[in-house]
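What you are looking at is a predicted structure, and each value in this text was computed from that prediction instead of being measured. When a ligand or atom number is given, it counts from 1 through the structure's own listing order.
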Amino acid sequence: MSKKILVVAGDGIGPEIVAEAMKVLQALQADGSIDVSIEDALIGGAAYDAVGDPLPAETLEAAKASDAVLLGAVGGPKWEPLHISKRPEKGLLGMRAGLGLFANLRPAILYPQLADASTLKADVVSGLDIMIVRELTGGIYFGQPRGVETLPSGERKGVNTLVYTESEVERICRVAFDIAMKRGKKVCSVDKANVLECTEMWREVAVKTAADYPEIDLSHMYVDNAAMQLVRAPKQFDVMVTTNMFGDILSDCAAMLTGSIGMLPSASLNADGQGMYEPIHGSAPDIAGKGVANPLATILSVAMMLRYSLDAPAAADRIEKAVSQVLDQGLRTADIMSEGMRQVGTAEMGDAVVAALS
Ligand code: NAD
Ligand code: IPM
Ligand code: MN
C-alpha cells in the first residue's frame, strides 16, 4: 500500500539538502523498492514569508495525514527580529508538539572512512556507535510559566521552566530501554539531579522503569560530566537518554565525533510510530545558497524514515550502504574534507549516492 510522505524543506540549506534526499527517494520509487506518494508544504521562515505563520494549519493537517514527514531545516537571521511566536523555530516546535513526537532518536555513528575528519583523534572515535534518545515534547522547551515581564522597578524578568511529569519520563526511558535491548543493553541517563529537583525525579523514574528491564545496565551521569566524557572517551556510551535541552546540546557535541554535524540524521516518533525525519543541524545560513552543504545527514534521515515509519528496512540498508560506498570512493563535501579526498558540492554528493544505490 502506498505510504504518504510530507516534505517540508524550510529555510537556508533546507531546500538544497532536501533536494538531494528527494533524488534518493525518487530513485527507490522508480526501481520499485518503495511505494510512496510525496507532497510538499511550507514551514519556518518560508511559511512566514508566504502566509505570515511559521506553521500554517494546512501544513500541520497534512503532516497528521501522512505516514512520515521529511524536514530540512528552519530559521535564519532574516527572521530573528520577529516575535518568538512567529519565528521559524516555532514552526518546528509546533510540528513536534502537534504530532506528539516525544521520542527523538539521534544516532552518532562514525563511518570508518571519516575517522580523520573528526577533530578528535581517530582512535578516540573509531568504531563509535551511540544512540542519543532525546525527550522532545517536554522539559524547559515547553514548560510553563515562561516569558519576559517588566517588574514594577522597570527591570525585566525572563522565565523558562523545566517541567516533567513521571509519565513523560517513563515513556522516554522505555523507548531508550527498548532500543538498548536490541544493541549493547547499556543505558546512561543524563541529568542534573544534584541541582534540579525535576531531574532528581527523572533519575528516580528511570530507576523504577528499569525494573521491567532486568538485562539493562542503567547508569546515571550529570550532564556536565556527560559533555566531558563524550569528548574524552565517547565509546563508553551505548544508549544515552536525556531531557529535551540536554539532548539538544549533547547531540551537537556527539555530531562532531562523527566528523561533522552534516552527518547526523534523526527520527522523531510519536506513540503511533508516525515520525518526522530531519538532520540534527540547522539551516546553516553561513553556507546557504552556495551548493556546498553536506546532504548526507538528510539522506540518512530518509533511511531512518524507511526503517521506522515506512516498513522498508531493505531500502534503508541500501541507502546506508550507498553512503558508505560514496565515502569509499573518496567523495567529500567541504565539512568532511581531508587530504587526498575529492571535494564535491551538495548536488554531486546526492547524485553519487543515487548512483551507488544500483
Ligand atoms: P547550524 O546547525 O545551522 O550551523 C552550525 C554550523 O554547522 C555552521 O557553521 C554551518 O555551516 C555548519 N553546518 C550545519 N549543517 C551543515 C551541513 N549539512 N553541511 C555542512 N556544514 C553544516 O546551527 P546555527 O548556526 O546555530 O543555527 C542556524 C539557524 O538554524 C538558526 O536559525 C537556528 O535556530 C536554526 N536551527 C534549526 C534546526 C532545525 O531546523 N532542526 C536545528 C538547529 C538550528
Ligand atoms: C534541533 C534544533 C531545534 C531544537 C531548534 C531549531 C528549535 O536545535 O532540532 O536540534 O532546539 O530542538
Ligand atoms: Mn539543536
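- Listed by chain and number, the protein N, O or S atoms at a distance under 2.8 Å from the Mn ion (ligand 3) are D248 OD1.
- At least one cation-pi condition fails for R183 and F237: the charged atom is not both under 6.0 angstrom from the six-membered ring centre and inside a 45 degree cone around its axis.
- The closest side-chain donor-acceptor pair between D11 and W79, if any, does not fall under 3.5 angstrom.
- Ligand 2 does not have K90 within reach: every non-hydrogen atom of the residue lies 4.0 Å or more from it.
- In this structure, R87 is not positioned above the aromatic face of Y48 in the sense of NZ or CZ being under 6.0 Å from the six-membered ring centre and within 45° of the axis.
- Annotation: the span from L136 atom CG to T243 atom OG1 amounts to 11.0 Å, rounded to 0.5 Å.
- Here the protein heavy atom with the shortest distance to atom 9 (O) of ligand 2 is R96 NH2, 2.7 Å.
- Side-chain contact check for R332 and S338: no donor-acceptor pair (N or O, by modelled atom type) lies under 3.5 Å.
- Heavy atoms of R134 found under 4.0 angstrom from ligand 2 belong exclusively to the side chain.
- Within 6.0 Å of atom CD in E215, 12 or fewer heavy atoms from other residues, nucleotides or ligands are found, so the atom counts as exposed in its surroundings.
- Residues S309 and D67 bring no donor and acceptor atom of their side chains to less than 3.5 Å of each other.
- For the pair R106 and ligand 2, a heavy-atom separation below 4.0 Å is found.
- Taken together through direct or relayed side-chain contacts under 4.5 Å among Ile, Leu, Val, Met, Phe, Trp and Tyr, I17 and I280 form parts of separate hydrophobic clusters.
- Distance from atom 11 (O) of ligand 2 to its nearest protein heavy atom, with residue and atom name: Y141 OH, 2.5 Å.
- In the hydrophobic cluster analysis, where Ile, Leu, Val, Met, Phe, Trp and Tyr join through side-chain heavy atoms closer than 4.5 angstrom, V353 is grouped together with I5.
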Identify the protein atoms, limited to N or O, that lie within less than 3.5 Å of an N or O atom of ligand 1, and list each pair with its distance to 0.1 Å.
| residue | atom | partner | partner atom | Å |
| --- | --- | --- | --- | --- |
| ligand 1 | 2 (O) | G282 | N | 2.7 |
| ligand 1 | 3 (O) | G282 | N | 3.4 |
| ligand 1 | 3 (O) | S283 | N | 3.2 |
| ligand 1 | 3 (O) | A284 | N | 2.8 |
| ligand 1 | 9 (O) | D286 | OD2 | 2.8 |
| ligand 1 | 11 (O) | D286 | OD1 | 2.7 |
| ligand 1 | 11 (O) | D286 | OD2 | 3.1 |
| ligand 1 | 15 (N) | H281 | ND1 | 3.2 |
| ligand 1 | 18 (N) | H281 | NE2 | 3.1 |
| ligand 1 | 18 (N) | N294 | O | 3.0 |
| ligand 1 | 19 (N) | N294 | N | 2.9 |
| ligand 1 | 30 (O) | V74 | O | 3.4 |
| ligand 1 | 30 (O) | S283 | N | 3.1 |
| ligand 1 | 30 (O) | S283 | OG | 3.2 |
| ligand 1 | 32 (O) | G76 | N | 3.1 |
| ligand 1 | 32 (O) | E89 | OE2 | 2.9 |
| ligand 1 | 34 (O) | E89 | OE2 | 2.5 |
| ligand 1 | 40 (O) | V74 | N | 2.9 |
| ligand 1 | 41 (N) | E278 | OE1 | 2.9 |

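- In terms of N/O distances under 3.5 Å, ligand 2 is approached by D248.
- Within 6.0 Å of CD on Q144 lie more than 12 heavy atoms contributed by other residues, nucleotides or ligands.
- Below 4.0 Å from some heavy atom of E89 lie the following atoms of ligand 2, by number and element: 6 (C).
- Using a non-hydrogen distance threshold of 4.0 Å, M245 does not register as a contact of ligand 2.
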